Number of protein chains: 2
Amino acid sequence: MDLSTQIREKGLKATPSRLNVIQVLGSNHLAYAHAELEALFSDMDRVTLYRVLNDFEEAGLVHKIIDVDGVTRFALCKHSCPGAHHADEHVHFNCRGCHKMFCLENVPAPNVKIPLGFKVSGVQTLIYGYCKSCSAA
Amino acid sequence: MDLSTQIREKGLKATPSRLNVIQVLGSNHLAYAHAELEALFSDMDRVTLYRVLNDFEEAGLVHKIIDVDGVTRFALCKHSCPGAHHADEHVHFNCRGCHKMFCLENVPAPNVKIPLGFKVSGVQTLIYGYCKSCSAA
DNA sequence: AATGTAAATGCAATAAAGTTGCGTTTGCGC
DNA sequence: GCGCAAACGCAACTTTATTGCATTTACATT
Ligand SMILES: [Mn+2]
Ligand SMILES: [Mn+2]
Ligand SMILES: [Zn+2]
Ligand SMILES: [Zn+2]
């Protein structure tokens, strides 16, 4: 199924801005920061980019994660998530060299035993260190 | 050992601002946001508060964590960490009701098996859900 | 106890990140 | 093609964090 259809299926219009963004996000398993996408699409207004990302997240097309430096990042949901409820529980890896954020789709979040009284909704596992290219250098 | 001494042992001066902050952080196992502390010490300049927290973190007196909403929070290191290298690998719980962030000092971070090529420095495990008081209500 | 000095503070300015309002444009169902 | 809700662009504003600099203060030394 092509990108335009994927967007329309979520009740959103397939605009050029949206197509550009979703194409980049789909090109790998990385989570992108607003600033990075802004640099990539210099002709797109920054507010539009904020709105595209928010709309995508609410539609369940992308998920939001905050990296070790507190930077908000967005990555494509591989299995489409129903609405804003992201069943996305995989592990993320944040490189301290290049600052790339990798979605490790195949690594499930470990489940953790926590004290009584706490009601768990979900777990975020964020691993940091150095990616392959950065450990080589 | 008293708070002033603890601060001085890290090569910092035991000022009133610092004593106030460290006293609050030591009063429980919660991680505080800048805004919360600012409200608590209305007479302290906000820049001073930023600097107090940064200095404490670099000294290894507190550790920084980012909550599920991207808000930066600080909590006292129970076992003093050597310099800025925080050996602090416990799990944190973030309540979606009251937004409190609990340091679960006794819950060690699970270790996760990740793909080859990645060099792991550390793991951040952030659990979110509802705390005892918030699940009751 | 007084003094010297590096460290810490307060204030103003600046920067970065995100939000809101509103008039104009455009995707797309008809 | 037409109509209209949705999306966009631009300006203004807010929140969070950083930087520079003059003044004050903790504390080691006399
Ligand atoms: Mn992901
Ligand atoms: Mn903690
Ligand atoms: Zn890297
Ligand atoms: Zn709560």
Side-chain angles (χ1 to χ4, degrees), chain A residues 1-23 31-62 64-74 83-84 99 101, chain B residues 1-23 31-62 64-74 83-84 99 101:
Chain A
M1 190 208 313
D2 77 323
L3 295 177
S4 301
T5 315
Q6 268 179 267
I7 293 176
R8 285 199 206 94
E9 275 192 346
K10 298 293 184 178
L12 300 174
K13 292 184 180 174
T15 66
S17 312
R18 285 175 177 163
L19 287 168
N20 284 333
V21 170
I22 207 170
Q23 198 187 334
Y32 286 80
H34 180 277
E36 293 168 354
L37 295 166
E38 200 184 337
L40 238 45
F41 309 115
S42 45
D43 51 332
M44 184 186 338
D45 191 83
R46 12 180 271 109
V47 176
T48 300
L49 181 51
Y50 277 116
R51 293 198 265 230
V52 165
L53 293 169
N54 277 341
D55 293 346
F56 278 178
E57 207 220 346
E58 283 172 12
L61 282 173
V62 307
K64 190 200 299 203
I65 18 179
I66 295 165
D67 74 13
V68 290
D69 301 309
V71 178
T72 300
R73 293 178 170 274
F74 295 88
H99 298 106
M101 171 81 103
Chain B
M1 190 209 312
D2 77 323
L3 295 176
S4 301
T5 315
Q6 267 180 266
I7 293 175
R8 287 200 203 93
E9 275 192 344
K10 297 294 183 175
L12 301 174
K13 292 184 181 174
T15 66
S17 312
R18 286 175 176 164
L19 287 168
N20 284 333
V21 171
I22 207 171
Q23 196 186 335
Y32 286 80
H34 181 276
E36 293 167 353
L37 295 167
E38 198 184 342
L40 239 46
F41 308 116
S42 45
D43 52 329
M44 184 183 342
D45 191 83
R46 2 179 290 107
V47 177
T48 300
L49 181 52
Y50 277 116
R51 293 198 265 230
V52 165
L53 293 169
N54 277 340
D55 293 346
F56 277 179
E57 206 219 346
E58 283 171 12
L61 283 172
V62 307
K64 190 199 302 202
I65 18 180
I66 294 165
D67 73 14
V68 289
D69 302 308
V71 178
T72 301
R73 294 179 170 272
F74 295 87
H99 298 107
M101 172 81 104

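Heavy atoms only: backbone and side chains are in, while hydrogens, waters and symmetry mates are out. Every value quoted in this text rests on a predicted model; they were computed, and no experiment measured them. Naming: A, B, ... by sequence-line order, numbering from 1 per chain.
- Mapped onto DNA chain D by nearest heavy atom, B:Gly70 and B:Lys13 fall at different nucleotides, with B:Gly70 at the one closer to the 5' end.
- In the 5' to 3' direction, nucleotides of DNA chain C lying under 4.0 Å from heavy atoms of chain B begin and end at C:dA6 to C:dA12.
- Between A:Leu53 atom CG and D:dC8 atom C1' there is a gap of 15 Å when expressed in whole angstrom units.
- Rounded to an integer number of Å, the gap from B:Arg18 CZ to D:dC27 P is 9 Å.
- Applying the 4.0 Å criterion to OP1 and OP2 of D:dA6, one finds that A:Thr15 has every side-chain N and O outside that range.
- One interatomic measurement links the two molecules: CD1 of A:Ile66 to P of D:dT16, which rounds to 14 Å at whole-angstrom precision.
- Atoms CZ and CE, on A:Arg73 and A:Met101 in that order, are 6.5 Å from each other to the nearest 0.5 Å.
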Look for any protein N or O under 3.5 Å of an N or O in nucleotides 28-30 of chain D and output each such pair with its distance, or none.
none

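- Rounding to the nearest 0.5 Å places OH of B:Tyr50 at 7.0 Å from CD of B:Glu38.
- A heavy-atom distance below 4.0 Å to DNA chain D is reached by these residues of residues 33-51 of chain B, ordered by number: B:Arg46, B:Val47, B:Tyr50, B:Arg51.
- From A:Thr5, atom OG1 reaches atom NZ of A:Lys10 across 13.0 Å, with rounding to the nearest 0.5 Å.
- Heavy-atom minimum distance, B:Ile66 versus A:Val68: CD1-O, 3.6 Å.
- In this structure, B:Ala33 and B:Val71 approach most closely via the heavy-atom pair CB-CG1, 3.8 Å.
- Annotation: the span from B:Ile22 atom CD1 to B:Phe74 atom CZ amounts to 13.5 Å, rounded to 0.5 Å.
- Note: CG (A:Asn20) to C1' (D:dA7) measures 15 Å, nearest angstrom.
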Give the table of side-chain donor-acceptor pairs shorter than 3.5 Å for residues 40-47 of chain B, with sequence neighbours excluded, one pair per line with atom names and distance.
| unit_1 | atom_1 | unit_2 | atom_2 | d |
| --- | --- | --- | --- | --- |
| B:Asp45 | OD2 | B:Val47 | N | 2.9 |

Under 3.5 Å donor-acceptor pairs involving side-chain atoms of residues 11-21 of chain B, not counting sequence neighbours:
| unit_1 | atom_1 | unit_2 | atom_2 | d |
| --- | --- | --- | --- | --- |
| B:Thr15 | OG1 | B:Arg18 | N | 3.4 |
| B:Arg18 | NH1 | B:Lys13 | O | 2.9 |
| B:Arg18 | NH2 | B:Asp55 | OD2 | 3.0 |
| B:Asn20 | ND2 | B:Pro16 | O | 3.4 |

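- Taking the side chain as every heavy atom from C-beta outward, B:Asp67 and B:His99 never approach each other to under 4.5 Å.
- The distance from atom CD of B:Glu58 to atom C1' of D:dT18 is 14 Å, rounded to the nearest whole Å.
- Two residues are said to be in side-chain contact when any heavy atoms from C-beta on lie closer than 4.5 Å; A:His34 and A:Thr72 fail this criterion.
- Bending across the helix from C:dA1-D:dT30 to C:dC30-D:dG1, expressed as the angle between its end axes from five pairs apiece, amounts to 40° (10° rounding).
- For B:Phe74 and D:dA17, the CZ to C1' distance is 11 Å, given to the nearest whole Å.
- For the atom pair B:Glu9 CD and B:Leu61 CG, the distance stands at 9.5 Å (nearest 0.5 Å).
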